[in-house]
Amino acid sequence: EPDIAVFAKGMTNGYPLAAIIGRKEIMDAAQGTFISSTFYTERVALAATCKTIEVYQRERVWEKQIEYGQQVKKGWSRLANKHNLHISVGGMDPLAHFRFDYDNPLEYKTFFTQEMLRQGFLASNAFYASYAHSPQIISEYLEAVDKTFCIIEQIVEKGERIEDYLQGPTCHAGFERLN
């Protein structure tokens, strides 16, 4: 039970609205303040939030998100083993990620993104499951991962540098680009 928690994007399907919840003593302290915003009277986001929560509950969206995340995590591990690549898979099932376990993981991540984009997927080393995903999309995505891991395997087996195959700059770690 957190003292305070903020929910936003997920419950609004991307509309600008947030909910702040917390323990009674914390929330009571906010009663003496005034909270406002530029779009304080805007109602579209509130309507979108109500509908999103309704659909989420009715369709039990979290079950699909967990299922799709598990499929992708298992796929990454299986395909990395198939191609003799060293990766670590982690994250909650609907918010999965993997890391290349090499001295230069950001170069590998950049190459992975580059090659996935070449195959029609704007994909990094993270997967955020959505209700809009489907078994077919997951299958096509993992086929693209298979092809990309195969290319990486060939580069590693030749003892070549992954950096030599990049067609642009190496990505930044986290929010490093903002420094």
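- If you check the side chains of Y141 and Q71, you find no donor sitting under 3.5 Å from an acceptor.
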Run the side chain to side chain contact (heavy atoms under 4.5 Å, CB included) test on I152 and H83 for me, step by step, so that the C-alpha distance in whole Å, both residues' side-chain angles and the decisive distance to 0.1 Å come before the verdict. CA-CA 8 Å; I152 295 171; H83 295 290; over 6 Å; no

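- Rounding to the nearest 0.5 Å gives a distance of 12.5 Å between CE of M92 and CD of Q70.
- Crowding of Q136 atom CD: a count of heavy atoms from other residues, nucleotides or ligands under 6.0 Å not exceeding 12.
- For the atom pair CD of E115 and CG of L166, the computed distance is 9.0 Å after rounding to the nearest 0.5 Å.
- Side-chain atoms of T49 come within 3.5 Å of backbone atoms of A45 as a donor-acceptor pair (strictly under, hydrogens ignored).
- Residue-environment remark: CG (D164) exceeds the threshold of 12 foreign heavy atoms within 6.0 Å.
- If you look at F98 and F112, their ring centroids are closer than 6.0 Å.
- Between the side chain of K73 and the backbone N or O of G91 there is at least one donor-acceptor pair closer than 3.5 Å.
- The heavy-atom pair separating T52 from G10 by the smallest distance is CG2-O, 3.8 Å.
- Transitive grouping of hydrophobic side chains (ILVMFWY, heavy atoms separated by less than 4.5 Å) keeps L106 and L85 in distinct clusters.
- A distance of 13.0 Å separates CZ of F7 from OG1 of T12, quoted to the nearest 0.5 Å.
- Expressed to the nearest 0.5 Å, how far OG1 of T110 lies from NE2 of H172 amounts to 9.5 Å.
- Under the 4.5 Å side-chain contact rule for hydrophobic residues, V6 and I26 share a cluster.
- Taking each heavy atom of L79 and L142 in turn, the nearest pair found is CD1-O, 3.4 Å.
- Of all heavy-atom pairs spanning T113 and S124, the tightest one is OG1-CA, 3.6 Å.
- From I4, atom CD1 reaches atom CD1 of I21 across 9.0 Å, with rounding to the nearest 0.5 Å.
- Going from atom NZ of K147 over to atom CE of M116 covers 10.0 Å, rounded to the nearest 0.5 Å.
- Two residues are said to be in side-chain contact when any heavy atoms from C-beta on lie closer than 4.5 Å; I151 and F111 meet this criterion.
- Here the shortest heavy-atom pairing between M11 and A18 reads CE-C, 3.9 Å.
- Taking the side chain as every heavy atom from C-beta outward, E42 and Y15 never approach each other to under 4.5 Å.
- Taking every heavy atom of both residues into account, Y128 and H133 meet most closely at O-CE1, 3.4 Å.
- Under the 4.5 Å side-chain heavy-atom criterion for Ile, Leu, Val, Met, Phe, Trp and Tyr, Y165 and F149 are members of the same hydrophobic cluster.
- Among E143, Q114, Q119, R118, the single residue meeting the side chain to side chain donor-acceptor pair (under 3.5 Å) criterion with T148 is Q119.
- Checked by atom type and distance alone, the side chain of T33 pairs as donor or acceptor with a backbone atom of A30 at under 3.5 Å.
- Linking ILVMFWY side-chain heavy atoms closer than 4.5 Å, directly or via other members, places I66 and V72 in two distinct hydrophobic clusters.
- Residues Y68 and Y131 fall into different hydrophobic clusters, defined by Ile, Leu, Val, Met, Phe, Trp and Tyr side chains chained together at heavy-atom separations under 4.5 Å.
- Of the listed residues (E163, R161, K109), just one forms a side chain to side chain donor-acceptor pair (under 3.5 Å) with N104, and that residue is E163.
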